[in-house]
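Before any comments, here is the structure.
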Number of protein chains: 2
Amino acid sequence: MARRSEHSREELKEMALAAAEKILDEEGLAGLSTRKVAAAMGYTVGTLYLVFRNLDDLILQLNAQRLDDLYEHLFMIRQGNDSPQEVVKTLAHFYIQYAREHPAAWHLLFSFRMPQGQALPGWFEARIARLFALVEEQLGRLGLKLDRQGLKLAASTLWSGVHGVCDLSVGDKLSLSGNTKPEELIDSLIERYISGLVHDTE
Amino acid sequence: MARRSEHSREELKEMALAAAEKILDEEGLAGLSTRKVAAAMGYTVGTLYLVFRNLDDLILQLNAQRLDDLYEHLFMIRQGNDSPQEVVKTLAHFYIQYAREHPAAWHLLFSFRMPQGQALPGWFEARIARLFALVEEQLGRLGLKLDRQGLKLAASTLWSGVHGVCDLSVGDKLSLSGNTKPEELIDSLIERYISGLVHDTE
DNA sequence: TTGACTATCTAAACGCTGTTTACTATCTTA
DNA sequence: TAAGATAGTAAACAGCGTTTAGATAGTCAA
């Protein structure tokens with residue numbers, strides 16, 4: 001006991017986040033606890049509190065990492081040569097697949113709320129804004145008569161909508177008839193919204 | 001102690017749900033606990049377990065009550081003589097206001113997940129479906145060339161989208177520039193989507 | 001009216017949780 | 001080599017969801 005510097009603080013952080021991620025994927029949200037994370041990294045809880053302020057802090061860091069990962073993937077997708085509409089669809093399809101593959105982690109990402117009306121840290125909000133910017137970029141390619149503000153609003157709207165479908169779908173709150181897939185809703189949303197956007201701004 | 005039948009089982013249930021609701025509104029999600037609910041009704045935890053299977057069951061009942069309340073209000077709104085688009089907007093505006101007024105309860109309503117991939121009870125899913133049906137009814141009034149299935153898909157899509165805006169907005173994940181209100185996103189979503197729907201199904 | 005039975009409710013326990021504390025063992029520096 | 005700082009642990013605390021045994025009060029038959 002009391003090993004000295006076997007792992008740097010940064011390493012400990014990485015280990016903790018990796019352990020937490022694994023627990024979430026394997027046992028779901030209910031399985032996540034400080035003791036389990038600590039045990040999985042071969043330490044005790046106390047050590048965890050040398051690296052994170054508390055569990056909320058750990059979750060926030062985990063969520064930030066998820067957002068980075070998500071952004072990285074979506075950023076790659078964006079570089080295709082398809083029409084803006086197709087690119088947005090591909091982005092959205094990746095988004096929902098990501099949610100389906102890591103339901104607990106995804107749920108934690110968006111269901112997480114700061115305690116007592118405290119605001120999210122700026123660096124966290126920035127990571128979310130970056131995702132919206134990817135959609136905004138595609139809408140910009142449509143060449144509509146919209147200023148920056150209007151474009152931003154449209155992108156936020158469209159992506160929030162996509163998010164809503166993912167949220168309800170992954171949370172099993174969408175009782176879809178027959179074998180309708182949530183992807184159909186996503187496609188419908190993107191197609192109709194963009195179509196409406198094109199028609200209404202002429 | 002050991003009072004006999006001072007309150008019927010149904011009364012106890014009502015008292016528990018009312019107490020839970022009050023705690024949620026006043027202390028947020030983190031403040032909700034079986035002991036607090038029991039104390040607020042003047043009983044001990046044990047009694048709570050005579051009425052509910054467990055906390056998840058209590059939450060589920062609470063959520064069902066919320067959905068009923070929500071439906072009742074939205075059902076009234078629906079009876080206006082405005083255009084379908086306007087009615088849907090009014091429905092959505094009420095929806096987000098409801099979310100804003102009871103953020104914790106609303107969050108609990110949609111962030112609640114059954115344990116271990118268990119499915120939601122049928123009576124719960126039915127209550128959700130009822131909400132979507134209200135939107136479907138309005139889209140039906142548009143007189144589009146859409147069969148029942150297509151109408152259902154469109155309604156699910158549109159309302160999921162509205163839900164997404166509410167979710168991100170109430171969860172503070174929408175960093176809106178300036179003094180943009182989430183209602184603007186909702187209106188944009190409804191207007192554009194319906195506009196696209198009208199244009200694309202001709 | 002008494003006694004047995006049953007339903008109602010409580011108190012206490014169990015194992016878990018997040019978090020803090022006192023402490024020990026190790027490494028670093030003088 | 002001694003002193004000090006750091007890394008890590010073990011144990012405690014209050015609170016959690018849930019279960020248990022037991023006590024109390026009401027009901028009904030004799």
Side-chain angles (χ1 to χ4, degrees), chain A residues 1-17 19-24 26-63 104 107-108 111-116 118, chain B residues 1-17 19-20 22-24 26-63 104 108 111-116 118:
Chain A
M1 43 203 81
R3 298 160 296 179
R4 187 70 174 276
S5 299
E6 190 167 312
H7 299 100
S8 75
R9 218 133 263 229
E10 203 53 41
E11 279 175 320
L12 286 177
K13 186 177 164 185
E14 288 306 315
M15 289 165 69
L17 294 182
E21 205 156 324
K22 197 174 169 216
I23 292 173
L24 280 177
E26 290 176 357
E27 305 179 42
L29 224 167
L32 187 67
S33 78
T34 52
R35 281 173 176 81
K36 266 194 208 160
V37 169
M41 18 182 327
Y43 284 82
T44 47
V45 245
T47 302
L48 219 48
Y49 283 81
L50 295 174
V51 185
F52 301 97
R53 279 203 310 112
N54 50 33
L55 182 61
D56 273 6
D57 185 29
L58 189 155
I59 291 174
L60 208 60
Q61 306 281 345
L62 189 64
N63 285 346
H107 183 226
L108 191 62
S111 80
F112 178 76
R113 306 269 135 119
M114 284 276 131
Q116 302 278 68
Q118 250 177 281
Chain B
M1 40 210 78
R3 298 160 296 179
R4 183 69 174 276
S5 300
E6 192 167 312
H7 299 101
S8 74
R9 219 132 263 229
E10 203 54 42
E11 280 175 319
L12 287 177
K13 186 177 163 183
E14 288 306 315
M15 289 164 69
L17 293 183
K22 196 173 169 219
I23 292 172
L24 280 178
E26 291 176 356
E27 306 179 41
L29 224 165
L32 186 68
S33 79
T34 53
R35 282 173 176 81
K36 267 194 208 161
V37 169
M41 12 177 339
Y43 284 82
T44 46
V45 246
T47 304
L48 219 50
Y49 283 82
L50 296 173
V51 185
F52 302 97
R53 279 202 311 110
N54 50 34
L55 182 62
D56 272 6
D57 185 29
L58 190 156
I59 291 175
L60 208 59
Q61 306 281 347
L62 189 64
N63 284 346
L108 192 62
S111 80
F112 179 76
R113 307 270 136 119
M114 285 275 131
Q116 300 280 65
Q118 249 178 283

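Just so you know, these numbers use all the heavy atoms, side chains as well, and skip hydrogens, waters and symmetry mates. Here is the naming used below: chain letters follow the sequence lines, and residue numbers restart at 1 for every chain.
- Under the rule for a side chain to side chain donor-acceptor pair (under 3.5 Å), A:Glu11 has no partner lying at least two apart in sequence or in another chain.
- For A:Lys22, the side-chain contact (heavy atoms from CB on, under 4.5 Å) test picks out A:Glu26, with sequence neighbours left out.
- The distance from atom CZ of A:Phe52 to atom P of D:dG8 is 14 Å, rounded to the nearest whole Å.
- If you take CG of A:Leu48 and C1' of D:dT9, they are 14 Å apart, rounded to a whole angstrom.
- Regarding contacts with the backbone of C:dA7, every side-chain N or O of B:Arg9 stays at 4.0 angstrom or more from both OP1 and OP2.
- Residues forming a side-chain contact (heavy atoms from CB on, under 4.5 Å) with A:Ala104 (at least two apart in sequence, or on another chain): A:Leu24.
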Pull out every protein N or O sitting under 3.5 Å from an N or O of nucleotides 17-19 of chain D, one pair per line with the distance.
residue, atom, partner, partner atom, Å
D:dG17, OP1, B:Thr34, N, 3.4
D:dG17, OP2, B:Thr34, N, 2.9
D:dG17, OP2, B:Thr34, OG1, 2.7
D:dG17, N7, B:Arg35, NH1, 2.5
D:dG17, O6, B:Arg35, NH2, 2.7
D:dT18, OP2, B:Tyr49, OH, 2.7
D:dT18, OP2, B:Leu55, N, 2.8
D:dT18, O5', B:Tyr49, OH, 3.2
D:dT18, O4, B:Arg35, NH2, 3.3

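- If you take CG on B:Leu108 and CG on B:Leu60, they are separated by 10.0 Å, rounding to the nearest 0.5 Å.
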Exercise answer: donor-acceptor pairs, residues 49-56 of chain B side-chain atoms, under 3.5 Å, sequence neighbours excluded:
residue, atom, partner, partner atom, Å
B:Asn54, OD1, B:Asp56, N, 3.2
B:Asn54, OD1, B:Asp57, N, 2.9

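- Atom P of nucleotide D:dA7 and atom OH of A:Tyr43 are separated by 10 Å, given to the nearest angstrom.
- Applying the side chain to side chain donor-acceptor pair (under 3.5 Å) rule to B:Glu14 yields no partners; only residues at least two apart in sequence or on another chain are considered.
- Each of A:Gly31 and B:Thr44 was matched to the nucleotide of DNA chain C holding its nearest heavy atom; the match closer to the 5' end belongs to B:Thr44.
- Distance, B:Leu50 CG to C:dT6 P: 17 Å, rounded to whole Å.
- For A:Leu29 and C:dT17, the CG to P distance is 14 Å, given to the nearest whole Å.
- Atom CG of A:Leu60 is separated from atom C1' of C:dG18 by 17 Å (rounded to the nearest Å).
- Rounded to an integer number of Å, the gap from CG of A:Leu12 to P of D:dT6 is 16 Å.
- Note: NE2 (B:His7) to P (C:dC9) measures 9 Å, nearest angstrom.
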